[in-house]
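Let me begin by presenting the structure, written as structure tokens, before commenting on it.
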Amino acid sequence: MNIGIVYFIVIVLANTLGAISGMGGGVIIKPVFDMIGAHSVAAISFYSAVAVFVMALVSTYRQIKNGIAIDWKLAGWVSFGAVLGGGIGSFTLDQLLQRLSGDRWVQLIQIILTIITLIFAFLYTRLNRPRFSLKRVIWYLLCGLLLGFLASLLGIGGGPINVSLLILLFSLPIKEATVYSIGTIFFSQLAKLVTIASTTGFAAFDLSVLPYIIVAAIIGGFLGAQFSGLLPSKKVGMVFQFVILLVLIINVYNGIKLFL
């Protein structure tokens, strides 16, 4: 089967679940593409960034059209932090790829950090969790900086820590947290793509699969936003936890496969 069609199917499903849960499809796309193994770590991170960026753009637009109220002060400063963090994360990934011998060790680092964030997010949403109601700009900025950094470094777009950290720091209901998470993902991936364009450029990647990726990302973002608007908070929480367990299994499998 054409690898573009395989990527198309994966991205539609991943971005639909990612838009509903607020994780962004990259948390599924990255490990699944790693499992398929058709491209390098750098190429997979690029494809994931494109897919998640397009999904976040479509999903945010649809959420606003659905009448979701947004605190623009919170969204703006978190997003600004995500831009800075996304650039730092992309630079750090490039340095790791240059300094470590081969993609395998970089992929292992990504898998370990992703598993740590997955476990944190799952336990936080399952247990009786504390919440703060931080209101100062510095907290918005630091939150975005951390989320943008992890999003770009891990190549997963946003991941499970976004929603959990937004709930923890700002006492947001889960459905609101998913909206801010997707907005953060948009800006972190924008920073990543700008960094790639201004450093290595896109010529090193197989661009023939991009049409499949972009169309699939649009469909997934639209479907995810539609379902998110229809589902109650409890169901969104269930989707969130399901995606965490699914991605945890895939990452553990990929980690084991590296040493077989």
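Nearest heavy-atom pair across Val58 and Gly221 is CG1-C, 3.8 Å. Here the closest heavy-atom approach between residue Ser45 and residue Leu93 is recorded as OG-CD2, 3.8 Å. Taking all atoms of both residues into account, the shortest heavy-atom contact from Ala177 to Ile167 is CB-CG1, 3.8 Å.
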May I have the step-by-step check of side-chain contact (heavy atoms from CB on, under 4.5 Å) for Tyr180 and Asn162, ending in yes or no? CA-CA 9 Å; Tyr180 291 112; Asn162 283 32; over 6 Å; no

side-chain contact (heavy atoms from CB on, under 4.5 Å) evaluation trace for Ser188 with Leu147: CA-CA 8 Å; Ser188 68; Leu147 296 181; over 6 Å; no

Start with the C-alpha distance between Leu13 and Leu17, add both sets of side-chain angles, then the distance that settles side-chain contact (heavy atoms from CB on, under 4.5 Å), and finish with yes or no. CA-CA 6 Å; Leu13 295 174; Leu17 290 173; 5.6 Å; no

Stepwise, does the side-chain contact (heavy atoms from CB on, under 4.5 Å) test hold for Ile213 with Phe8? CA-CA 6 Å; Ile213 290 171; Phe8 178 91; over 6 Å; no

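Classification of the Phe53-Phe186 ring pair by plane angle, with boundaries at 30° and 60°, yields parallel.
Leu168 has its side chain within reach of Leu165: a pair of non-hydrogen atoms, C-beta onward, lies under 4.5 Å apart. The shortest distance between side-chain heavy atoms of Val243 and Ile20 does not fall below 4.5 Å. For the pair Pro31/Thr114, no side-chain contact is recorded, criterion being any heavy-atom separation below 4.5 Å from C-beta on. Using a 4.5 Å heavy-atom threshold, the side chains of Trp105 and Leu96 count as separate. Looking only at side-chain heavy atoms (C-beta outward), Phe46 and Leu210 come within less than 4.5 Å of each other.
Residue Ile249 holds its CD1 atom at 11.5 Å from CD1 of Ile115, rounded to the nearest 0.5 Å. In this structure, OG in Ser171 is found 9.0 Å from CZ in Phe132, a value given to the nearest 0.5 Å. Note that the OG1 atom of Thr117 and the CG atom of Leu154 stand 6.5 Å from one another [nearest 0.5 Å]. Considering CG of Leu141 and CG of Leu146, their distance stands at 11.5 Å, rounded to 0.5 Å. Distance check, rounded to the nearest 0.5 Å: OH of Tyr7 to CD1 of Ile29 gives 11.0 Å. Atom CD1 in Ile111 sits 6.5 Å away from atom NZ in Lys30 (nearest 0.5 Å).
Between Tyr140 and Phe170, the ring center distance clears the sub-6.0 Å criterion. Aromatic pair His39/Phe33: centroids not less than 6.0 angstrom apart.
Panel note: side chain Lys257, backbone Met35; a donor-acceptor pair is recorded below 3.5 Å. Arg104 places a side-chain N or O within donor-acceptor distance of the main-chain N or O of Leu258, the cut-off being under 3.5 Å. With hydrogens and angles ignored, the 3.5 Å screen pairs a side-chain donor or acceptor of Gln110 with a backbone N or O of Leu153. Remark: side-chain polar atoms of Asn15 are not paired, donor with acceptor, to backbone N or O of Met55 under 3.5 angstrom. Checking side-chain atoms of Ser48 against main-chain N and O of Ile44 turns up no donor-acceptor pair under 3.5 Å.
Cluster membership for Met238 and Phe240, using ILVMFWY side-chain heavy atoms within less than 4.5 angstrom, is not shared. If you chain together hydrophobic residues whose side chains sit under 4.5 Å apart, Ile28 and Ile36 fall into the same group.
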Do any side-chain atoms of residues 191-209 form donor-acceptor pairs under 3.5 angstrom with protein atoms, and if so which ones, sequence neighbours left out?
{"from": "Lys192", "atom 1": "NZ", "to": "Ser152", "atom 2": "O", "distance (Å)": "3.2"}
{"from": "Thr195", "atom 1": "OG1", "to": "Ala191", "atom 2": "O", "distance (Å)": "2.8"}
{"from": "Ser198", "atom 1": "OG", "to": "Val194", "atom 2": "O", "distance (Å)": "3.0"}
{"from": "Ser198", "atom 1": "OG", "to": "Thr195", "atom 2": "O", "distance (Å)": "3.1"}
{"from": "Thr199", "atom 1": "OG1", "to": "Thr195", "atom 2": "O", "distance (Å)": "2.6"}
{"from": "Thr199", "atom 1": "OG1", "to": "Ile196", "atom 2": "O", "distance (Å)": "3.4"}
{"from": "Asp206", "atom 1": "OD1", "to": "Ser208", "atom 2": "N", "distance (Å)": "3.1"}
{"from": "Asp206", "atom 1": "OD1", "to": "Ser208", "atom 2": "OG", "distance (Å)": "2.6"}
{"from": "Asp206", "atom 1": "OD2", "to": "Ser208", "atom 2": "OG", "distance (Å)": "3.4"}

Please tabulate, for the side chains in residues 70-91, all donor-acceptor contacts under 3.5 angstrom to protein atoms that are two or more places apart in sequence or on a different chain.
{"from": "Asp71", "atom 1": "OD1", "to": "Lys73", "atom 2": "N", "distance (Å)": "3.1"}
{"from": "Asp71", "atom 1": "OD1", "to": "Leu74", "atom 2": "N", "distance (Å)": "3.3"}
{"from": "Ser79", "atom 1": "OG", "to": "Ala75", "atom 2": "O", "distance (Å)": "2.6"}

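Atom CZ of Phe227 sits in a sparse spot, with 12 or fewer heavy atoms from other residues, nucleotides or ligands closer than 6.0 Å.
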